[in-house]
Novice: 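Below you will find the structure I want to go over with you.
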Amino acid sequence: MRLGHDVPVQESWGAVDEHLARALLPADAVLEQVLAENRAAGLPAIDVSPLQGAFLTLLTRVSGARRVLEIGTLGGYSTIHLARGLPGGGRVVTLEFEPHHAEVARRNLHRAGLAEVVEVRVGAALDTLPVLEREGAGPFDLVFIDADKRGYPQYLEWAVRLSRPGTVLVGDNVVRRGGLVDPAADGDPDVRGVRTFLDAVGAHPRLSATALQTVGAKGWDGFALAVVD
Ligand code: SAH
Ligand code: DHB
Ligand code: MG
């Protein structure tokens, strides 16, 4: 078995993603403009895909979340999807290390009409998470973990601390083109972070979890999904 060689089928995955998006997602000028703004501002194109974004909106809705925490904002593309799943009065707090990313995200959120719904906090998440706790900002109903992968194990601990029974936890990018099981990636701190995160989720006495592999416009990856007992 060769791992990390999804290039020959990437084209079909991309075509299927386009088909699904055309069939299922409404045309959305705001979201398209967000991606254009991100590109123009030099942000890396590592946002969730449109279909994954719609999945986040649905998760927020089906869980009835009113308070959402996101760790890793980038340009706010996933943030907008999370915020769109909220009922009136719902709020998102999103944490971003790079001031430039946060500035682009704030502009995008303003354009999406979500400036009052979303709060972008700038700083290393391991610095801003304790501040949230001190402020009594939790418990959150849904936490989306999508910042630096080496930080995932600690973000998991914070997510649980800021949760209540029933809180939904989502971890993005837990497969990394098979890096998860590739011995050649053993030295990669991001892959190690994801492995430790998954082991910690599985061993956690208060979490019931699964993970789903995904293929599509963004290649081969996957997300972990857990609920706090
Ligand atoms: N959720 C976004 C993508 C996030 S990309 C989307 O799908 O649209 C990961 C983001 O995490 C980047 O913007 C990166 O700057 C940020 N990041 C990296 N290290 C971080 C840290 N220690 N604390 C907070 N954010 C961090
Ligand atoms: C990376 C980060 C992400 O959040 C993502 O969805 C894809 C890739 C990365 O850092 O490579
Ligand atoms: Mg991601």
Side-chain angles (χ1 to χ4, degrees), residues 4 6 10 17 28 30-39 41-57 59-60 68-84 92-109 112 114 118-132 142-159 169-180 185 188-194 197 211-225:
D6 55 335
Q10 172 63 56
D17 247 28
D28 196 315
V30 168
L31 289 175
E32 275 164 36
Q33 202 183 348
V34 166
L35 293 180
E37 292 285 337
N38 289 356
R39 220 169 17 247
L43 269 53
I46 55 174
D47 343 65
V48 293
S49 72
L51 289 157
Q52 290 167 345
F55 182 75
L56 292 177
T57 304
L59 267 185
T60 307
V68 172
L69 173 64
E70 176 179 62
I71 308 176
T73 316
L74 192 64
Y77 186 78
S78 54
T79 322
I80 290 170
H81 284 96
L82 291 164
R84 284 178 171 181
V92 181
V93 177
T94 183
L95 311 180
E96 173 54 50
F97 177 67
E98 292 288 344
H100 177 55
H101 295 183
E103 185 192 312
V104 174
R106 287 196 181 110
R107 256 201 327 266
N108 285 332
L109 289 158
L114 293 166
V118 180
E119 185 190 354
V120 184
R121 293 207 179 189
V122 183
L126 289 179
D127 293 331
T128 51
L129 285 161
V131 175
L132 280 179
L142 186 147
V143 184
F144 180 50
I145 300 175
D146 195 21
D148 55 306
K149 312 310 161 196
R150 64 197 71 187
Y152 272 33
Q154 281 170 290
Y155 302 149
L156 175 68
E157 284 175 30
W158 277 105
L169 308 184
V170 185
D172 198 23
N173 311 117
V174 299
V175 174
R176 316 278 298 171
R177 292 176 180 251
L180 181 64
D188 179 338
D190 290 326
V191 170
R192 293 164 74 108
V194 165
F197 168 81
L212 293 174
Q213 299 191 63
T214 56
V215 294
K218 302 275 156 137
W220 175 24
D221 215 321
F223 54 85
L225 188 64

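Remember, it's a predicted structure, so these values are computed and weren't measured experimentally. We count ligands from 1, going down the list as the structure has it; atoms in each ligand are counted the same way.
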Novice: What protein heavy atom lies closest to atom 18 (C) of ligand 1? Include the residue and the distance to one decimal.
Specialist: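 Protein heavy atom at minimum distance: D148 N, 3.8 Å.
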Novice: Counting heavy atoms only, which part of D172 comes closer than 4.0 Å to ligand 2: side chain, backbone, both or neither?
Specialist: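 For D172, only side-chain atoms sit under 4.0 Å from ligand 2.
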Novice: Short list, please: which atoms of ligand 1 are under 4.0 Å from a heavy atom of H101?
Specialist: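 In order of numbering, the contacting atoms are 12 (C), 13 (O), 15 (O).
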Novice: Record the part of T73 in heavy-atom contact with ligand 1 below 4.0 Å; permitted values are side chain, backbone, both and neither.
Specialist: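 Backbone only.
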Novice: Looking only at heavy atoms, what is the nearest atom pair of G179 and V191, with distance?
Specialist: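 Smallest heavy-atom distance, with atoms named: O-CG1, 3.3 Å.
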Novice: Tell me whether the rings of Y152 and F197 are parallel (<30°), tilted (30 to 60°) or perpendicular (>60°).
Specialist: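 Taking F197 first and then Y152, their aromatic rings stand perpendicular (interplane angle over 60°).
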Novice: Do ligand 1 and F144 have nitrogen or oxygen atoms that lie under 3.5 Å from each other?
Specialist: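 No - when backbone and side-chain N and O of F144 are compared with those of ligand 1, no distance drops under 3.5 Å.
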Novice: Run the contact test for A124 against ligand 1 with a 4.0 Å cut-off on heavy atoms, strictly below, and give the result.
Specialist: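 A124 counts as a contact of ligand 1 under the 4.0 Å cut-off.
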Novice: CG of L109 to CG of L114: how many Å apart, nearest 0.5 Å?
Specialist: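 If I round to the nearest 0.5 Å, the distance is 6.0 Å.
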Novice: Judging by distance only, is a nitrogen or oxygen of K149 under 3.5 angstrom from one on ligand 2?
Specialist: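 Looking only at distances, the answer is yes, because the N/O contact criterion of under 3.5 Å is met.
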Novice: Starting from atom 10 (O) of ligand 2, what is the nearest protein heavy atom, named by residue and atom, and what distance separates them?
Specialist: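 Ranking protein heavy atoms by distance from atom 10 (O) of ligand 2, first comes I46 CD1, 4.1 Å.
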Novice: With distance as the sole test, does E96 use its side chain to make a donor-acceptor pair with the main-chain N or O of L74 at under 3.5 Å?
Specialist: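 Looks like yes, one N/O pair under 3.5 Å.
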Novice: So is E70 in contact with ligand 1, going by heavy-atom distances below 4.0 Å?
Specialist: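 Yes.
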Novice: At what distance is the nearest protein heavy atom to atom 5 (S) of ligand 1, and which residue and atom is it?
Specialist: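 Among all protein heavy atoms, the one nearest atom 5 (S) of ligand 1 is I46 CD1, 3.6 Å.
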Novice: How about R192 and P153: do any of their side-chain heavy atoms sit closer than 4.5 Å?
Specialist: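 Answer no - side chains too far apart.
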Novice: Do the side chain of E37 and the main chain of E32 share a donor and acceptor less than 3.5 angstrom apart?
Specialist: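 Side chain of E37 to backbone of E32, a donor-acceptor pair under 3.5 Å: no, none is there.
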Novice: Hey, is there an N, O or S on D146 sitting under 2.8 Å from the Mg ion (ligand 3)?
Specialist: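 For D146, the answer is yes, given that an N, O or S atom comes within less than 2.8 Å of the Mg ion (ligand 3).
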Novice: Quick one: does N173 get an N or O within less than 3.5 Å of an N or O on ligand 2?
Specialist: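 Yes, at least one N or O pair falls under 3.5 Å.
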Novice: Tell me if a side-chain donor or acceptor on T73 pairs with a main-chain N or O of L95 at a distance below 3.5 Å.
Specialist: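 Side chain of T73 to backbone of L95, a donor-acceptor pair under 3.5 Å: yes, one is there.
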Novice: How far is atom 23 (N) of ligand 1 from its nearest protein heavy atom, and which residue and atom is that?
Specialist: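 Its nearest protein heavy-atom neighbour is A125 N, 2.9 Å.
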Novice: Counting only heavy atoms, tell me which of R121, E96, K218 gets closest to atom 12 (C) of ligand 1.
Specialist: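 The option holding the nearest heavy atom is E96.
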Novice: Would you name the heavy atoms of V104 and A41 that are closest together and state the gap between them?
Specialist: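 The answer is CG2-CB, 3.6 Å.
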Novice: To the nearest 0.5 angstrom, please state how far the CD atom of E103 sits from the CG atom of N108.
Specialist: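 Atom-to-atom, E103:CD and N108:CG are 11.0 Å apart.
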Novice: Nearest to atom 7 (O) of ligand 1, what protein heavy atom do you find, and at what distance?
Specialist: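 For this ligand atom, the closest protein heavy atom is V48 N, 2.9 Å.
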Novice: With heavy-atom distances below 4.0 Å as the criterion, list the atoms of ligand 1 near D146.
Specialist: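 Within the 4.0 Å cut-off of D146, ligand 1 contributes 1 (N), 2 (C), 3 (C), 4 (C), 5 (S), 6 (C), 7 (O), 9 (C).
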Novice: Considering only the protein, which heavy-atom contact is closest to atom 6 (C) of ligand 1, and what is its distance?
Specialist: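 Checking every protein heavy atom, the shortest distance to atom 6 (C) of ligand 1 gives S78 OG, 3.0 Å.
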Novice: Is the number of heavy atoms from other residues, nucleotides or ligands within 6.0 Å of CZ (R121) greater than 12?
Specialist: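 Buried by this count: over 12 neighbours within 6.0 Å.
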Novice: Closest by any non-hydrogen atom to atom 26 (C) of ligand 1: pick that one out of F97, Y77, Y155.
Specialist: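 The residue whose heavy atom sits nearest atom 26 (C) of ligand 1 is F97.
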Novice: Among K149, R150, R176, which residue satisfies the side-chain hydrogen bond (donor to acceptor under 3.5 Å, both in side chains) criterion with D190?
Specialist: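 Checked K149, R150, R176 against D190; only one passes side-chain hydrogen bond (donor to acceptor under 3.5 Å, both in side chains): R150.
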Novice: Please report whether ligand 1 has a polar contact with E98, defined as an N or O pair separated by less than 3.5 Å (distance criterion only).
Specialist: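 It does not: no N or O of E98 is found under 3.5 Å from an N or O of ligand 1.
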Novice: With a 4.0 Å cut-off on N to O distance, would you call D172 and K218 a salt bridge?
Specialist: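 Between K218 and D172 there is no salt bridge, as every charged N stays at least 4.0 Å from the carboxylate O atoms.
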Novice: Heavy-atom contact under 4.0 Å between K218 and ligand 2?
Specialist: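 For ligand 2, residue contact (heavy atoms, under 4.0 Å) with K218 is absent.
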Novice: For atom 9 (C) of ligand 2, which protein heavy atom lies nearest, and how many Å away is it?
Specialist: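 Ranking protein heavy atoms by distance from atom 9 (C) of ligand 2, first comes R176 NH1, 3.8 Å.
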Novice: Of the non-hydrogen atoms in I145 and A159, which two are nearest, and what is the gap between them?
Specialist: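 Shortest heavy-atom separation between I145 and A159 comes out as CD1-CB, 4.2 Å.
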Novice: Give a yes/no verdict on whether any heavy atom in G75 is under 4.0 Å from an atom of ligand 1.
Specialist: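 Not so, G75 does not reach ligand 1.
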Novice: So that I can check it, does any N, O or S atom in N173 come closer than 2.8 Å to the Mg ion (ligand 3)?
Specialist: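 Checking N173: at least one N, O or S atom is under 2.8 Å.
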Novice: Taking only heavy atoms of G123, which atoms of ligand 1 are found under 4.0 Å from at least one of them?
Specialist: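 Those atoms are 23 (N), 24 (C).
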Novice: Output the atom name for the N/O/S atom of D172 with the smallest distance to the Mg ion (ligand 3).
Specialist: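 It is OD2, the N, O or S atom of D172 closest to the Mg ion (ligand 3).
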Novice: For residues G75 and V34, report the shortest heavy-atom separation together with the two atoms involved.
Specialist: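 Closest pair (atom of G75, atom of V34, distance): O-CG1, 4.2 Å.
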Novice: Find the distance between OG1 (T94) and CZ (R106) and round it off to the nearest 0.5 Å.
Specialist: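 Going from OG1 on T94 over to CZ on R106, the span is 10.0 Å.
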Novice: Specify whether an N/O/S atom of D47 falls short of 2.8 Å from the Mg ion (ligand 3).
Specialist: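 Given the 2.8 Å cut-off, D47 does not count as a ligand of the Mg ion (ligand 3).
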